[in-house]
Amino acid sequence: MQRYGIDIWGENNFLIEGDKVCVNHLSRPALFDIVRDIREQGSKGPLLLRFPHLIEKQIDAVFGAFGKSFAELGYRGNFRAVFPLKVNQYPDFLMPLIAAGRKYGYGLEAGSKAELLIAMSYTEPGAPITVNGFKDKEMIELGFLSARMGHAITLTIEGINELESIIEVASEMGAPVPAIGIRIKLHSTGSGIWSKSGGINSKFGLTSTELLEAMELLRAHDLLDRFTMLHFHIGSQMTQIANLKKALREAGNIYADLLKMGAVGLQSINLGGGLGVEYTQNEAYPEVTYSLREYANDTTFTLSEIARAKGVKEPDIVIESGRFIAASHAVLVAPVFELFSEEYSIKALRLKAENPPLIEELHELYTHIRPENALEYLHDCIDHLNSLLTLFDLGYIDLIDRSNSEILTHLIIKKAIVLLKDKPVRELTQIQDKIQEKYLINFSIFQSLPDFWGLAQRFPVMPLSRLDTRPTRSASIWDITCDSDGEIDFDSKNPLFLHSVDLDEEDYFLGFFKVGAYQEVLGMKHNLFTRPTVATIAVTKEGYRIEELVRSDALIDILEDLNYNPLTIRNRLMENIRNSEHIPPEERGEVYQKVETFLHENGYLKTFN
Ligand SMILES: *Cc1c(COP(=O)(O)O)cnc(C)c1O
């Protein structure tokens, strides 16, 4: 059976039971049942399902892995971690994260004023706050206020001018002065599409010369003891550990040298984020080539080696990985709205008393295709289709013949795929590449998978049902925006096969997995499709509970968000109804009521069953 790579990307979070994909936790509910349940409550469009237990699982894994490495190596520093808010700021994500991190003192990282205010409101006492990104004087003042509120806050400076602002604010506001971190520019970088944040040309960080200058400034203003942390970030979605090891050696040596130069407060190295997430569905092309244990062991080992060699104390280790924590907790479920070649059934054939010879041949192929001749027939059928299309262009066959050729070709391919199930996939994939079924999916790629649109990042995708039957259609996915970029085309390296379904008879949903990091806030309102309905699901021993349901915005709210005045919109609609010669005066009220109803619904399509 087709497992859609669940054994590679699924990390035991989900499993296939019978014909359905289920949450691998306690009562193991099927995603399909959860979705049907929510749809029965009136949410017919795409759904984002959040599973808080999967946030907790990742947090436990990170603290567990470093705890183990520290114990095994007798490492004497502390381990701390913060969640970078830019990865997902939504409260229905953040509250479960904070609850799960409480026992570890898990903190938050902020990169803007808005994020800092979230961190100042929700960070638990004693848990760290780190602040990265460019800061003006006002943001630094906010940091000082946070320190005054009792937070363990570190302002990480991205340039000398920020240090100058901190010195200025310190002289105005006095103690307590927040801890100061310094982001260093390394010559090591990550690799892959997200690696721009590291390296000598990166947007952020101080060069070694600037670092020495910063030391002098700190010393001159009696703030050396506030400089506690060295920070670097080599980029998101690190695919190999080698780059991190290089960066750690560089940062570790800088740390040791600074200690020797009198950085009395310096105690930690912050490796930033970057822990990778396995998104691939094809084991031949893994994206991440190391494990969390390896990451923890290598980090701990490298830093302890440097500390020993240079005779300094082992630094505390701080990490800011976000993607790794957030990605797996959310699943986007979208209903299939239409299959474009569903009409290609035997019933749709309009064969004539006498047909062109090639069509007769196609019909023969269809009737006599067997496992032993399937590949040959498949080739013949595609040849015939090409010839028939040429004949049509030249005016030798008519539209009915052309339709018959399309139908027969599709039917032959469907049969062949079933018959050829034990043959090498490559051959089949090549053929399938030519004949894809387009699945129209009730969602927006721009809104829900922006990293696919912007960076061609693929997310694991599979149907939620039918998993006990062989999928026969090579699928490309179309969203409901009217933009041709709203398509996930068939990728022969990572082929997606879906089922032939009769949507009048059954629901068919696709699940896009690991969409919990970055996608929600990056999502854009192209064509004015907004956030889907979001449901938080607590899986229990007996079943599951829908903890929270945040419905997708109503159309009138979307328009108001764009700065339309809802009242003006209503007045104009009413006026147009009043002025229309097609609407008799006695029906105006009723027509307006109908329009008004629409204003309160969301913008996604309604699937009927
Ligand atoms: C974006 C970012 C992170 C988080 O990166 P992930 O790849 O999500 O782990 C951490 N630290 C800094 C400074 C960042 O800019």
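Every number for a ligand or one of its atoms is a count from 1 in the order of the listing.
- Between the Gln267 side chain and the Thr228 main chain, no donor and acceptor come within less than 3.5 Å of each other.
- Close approach to Ser236 involves these atoms of ligand 1, each under 4.0 Å from a residue heavy atom: 6 (P), 7 (O), 8 (O).
- Under a 3.5 Å cut-off, the side chain of Glu278 and the backbone N or O of Val288 do form a donor-acceptor pair.
- Residue Arg323 places at least one N or O, backbone or side chain, under 3.5 Å from an N or O of ligand 1.
- Checked against Val539 for a side chain to side chain contact (heavy atoms under 4.5 Å, CB included), the options Val23, Ile34, Leu54 give a single hit: Val23.
- Put simply, the residue from Glu320, Arg80, Glu109 that forms a side-chain hydrogen bond (donor to acceptor under 3.5 Å, both in side chains) with Thr130 is Glu320.
- Residue contacts with ligand 1 for Ser321 involve both N, CA, C or O and side-chain atoms from C-beta outward (heavy atoms, distance under 4.0 Å).
- Using modelled atom types, one side-chain atom of Tyr604 and one backbone atom of Thr530 make a donor-acceptor pair closer than 3.5 Å.
- Distances from atom 6 (P) of ligand 1 to the heavy atoms of Tyr518, Phe324, Phe232, Phe83 show the closest one on Tyr518.
- Glu305 has a carboxylate O that lies under 4.0 Å from a charged side-chain N of Arg308, or vice versa, which qualifies the two as a salt bridge.
- For Phe83 and Phe93, the distance between ring centers is under 6.0 angstrom.
- By the 4.0 Å heavy-atom criterion, His231 is counted among the residues contacting ligand 1.
- Atoms of ligand 1 found under 4.0 Å from any heavy atom of Gly273, numbered from 1 in the order shown, are 5 (O), 9 (O), 10 (C), 11 (N).
- Below 3.5 Å of separation, one finds an N or O of Gly322 facing an N or O of ligand 1.
- Of all the listed residues (Val87, Asn88, Asn132), Asn132 holds the heavy atom that lies closest to atom 13 (C) of ligand 1.
- Close contacts between ligand 1 and Arg183 involve ligand atoms 13 (C) [criterion: under 4.0 Å to a heavy atom].
- The pair Arg50-Glu520 counts as a salt bridge, with a side-chain nitrogen and a carboxylate oxygen less than 4.0 angstrom apart.
- Between Glu320 and ligand 1, a contact under 3.5 Å exists for at least one N or O pair.
- Atom numbering of ligand 1 starts at 1 in the shown order; those under 4.0 Å from a heavy atom of Gly274 are 5 (O), 6 (P), 7 (O), 9 (O).
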